[in-house]
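Below is one structure, written out as structure tokens, with a few remarks after it.
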Amino acid sequence: MHHLVIDGVSWRILLEDLEQALDQIERGETVCLQSKTTSFQRWSRCLTEYANSSDLAQEARFWFHLAQQNITELPLDHPGGANLESSARRVRTSLDQELTRSLLSEIPRAYNTQINDVLLTALSRAFVNWMGGPTVLFTLEGHGRQEIPAQVDLSRTVGWFTSDYPVLLRSARGEFDPGAALQSTKEQLKAIPSQGFGFGLGRYLSENEGLRHALADLPEPVVGFNYLGQFDQLFGKDARFGYCDESFGPALGPDGKRIFVLEVYGRVSEGRLLFEFEYSENLHEPSTIEALADDFSDSLEQIIRHCLAIDTGELDTSEFSEFDWSASELSSIMDAISDSQDPRDGDA
């Protein structure tokens, strides 16, 4: 089925139903599947209502800061080239199984992070090294099934729910401090309201014409990022179906214009983190993207090894947002607490 019809979460629902139906047939039973949940039509109507609520209007103001930012331009090897689907090429990179296992199970405990915090820290570092500026503007994808005030249940609803939103990440140049970089990325991502869910609602569904135009006039990201999750969880050990590496053919026409200059997407399959950097050969040389992918892999490995080497449970300012502390202030506070508990101070 074309992506216009369903998203990745929907595939999990459909495959579960298909496996269940085949099990029932093998046992000679009548096929009886679970009921669907909230219809896609009702969900669409609920979105329209929420897009015109005071809550969404308040949230939408967050995005206006992008209009005042200096955004570093992406270097091109061939300026003016046609960014067409037919010119798309891919560079692949991966982690071994041991590092992937650490990334998924051990690293989140070090700084109370999620996997996107780690991946985007490494990716923004690689882009900043290449671009020469301190910022990179991404489009991130969310699953789009966020909770809203309306009473809905999307746990077994099939459709395309994906939400896209722009994210400007800052990354320090020079010597790489994996811990500081990871905490900085985590704070920047945590500041995004509702995981970016409201951006598209305000831009496309709001009846406020001024709001729609203001969001539409914001800088357009030329880099897309999407972590697709753990495909190993999609197919169990005894499942009838598995992930297919063969091409399913083009999803878009060859003369169509690509949405992004660079698209970066990854997944975990067969115990390994796999990433693809999709680019246009009319805009970039393969060696340029290969160097970018290698820098991403190197930075990601540095972060993983750093997190494995420290005590778990490091704190950052996002854990104490009500106090409005900077990272340096929090570090000084934690050092003072540590000093007060030093056994050399006796019973104090």
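E278 has a carboxylate O that lies under 4.0 Å from a charged side-chain N of R258, or vice versa, which qualifies the two as a salt bridge. Salt-bridge formation is not detected for the pair R42/D153: no Lys NZ or Arg NE/NH1/NH2 atom is positioned less than 4.0 Å from an Asp or Glu carboxylate oxygen. Using a cutoff of 4.0 Å between basic side-chain nitrogens and carboxylate oxygens, R156 and D17 are scored as salt-bridged.
For the residue pair E285/H78, the side-chain donor-acceptor check at 3.5 Å is satisfied.
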Output a table of donor-acceptor pairs, distance under 3.5 Å, between side-chain atoms of residues 210-220 and any protein atom two or more places apart or on a different chain; print 'none' if there are none.
from : atom 1 : to   : atom 2 : distance (Å)
R212 : NH1    : S206 : O      : 2.8
E220 : OE2    : R203 : NH1    : 3.3
E220 : OE2    : R203 : NH2    : 3.1

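Checked against a 6.0 Å centroid threshold, the rings of F40 and F161 count as neighbours.
Between the side chain of R272 and the backbone N or O of S94 there is no donor-acceptor pair closer than 3.5 Å. Between the side chain of E59 and the backbone N or O of G198, at least one donor-acceptor pair lies under 3.5 Å. No donor-acceptor pair closer than 3.5 Å links the side chain of E207 to the backbone N or O of N52. Judged by distance alone, the side chain of Q97 and the main-chain N or O of E270 form a donor-acceptor pair under 3.5 Å.
Residues that satisfy the ring pair (Phe, Tyr, Trp, His ring centres under 6.0 Å) test with F260, not counting sequence neighbours, are absent from this structure.
The two residues N116 and L189 have their closest heavy-atom pair at O-CD1, 4.3 Å.
Just one of W63, Y204, Y165 meets the ring-ring contact (aromatic ring centres under 6.0 Å, His included) condition when paired with F199; it is W63.
The distance from the CD atom of E16 to the CG atom of L33 is 9.5 Å, given to the nearest 0.5 Å.
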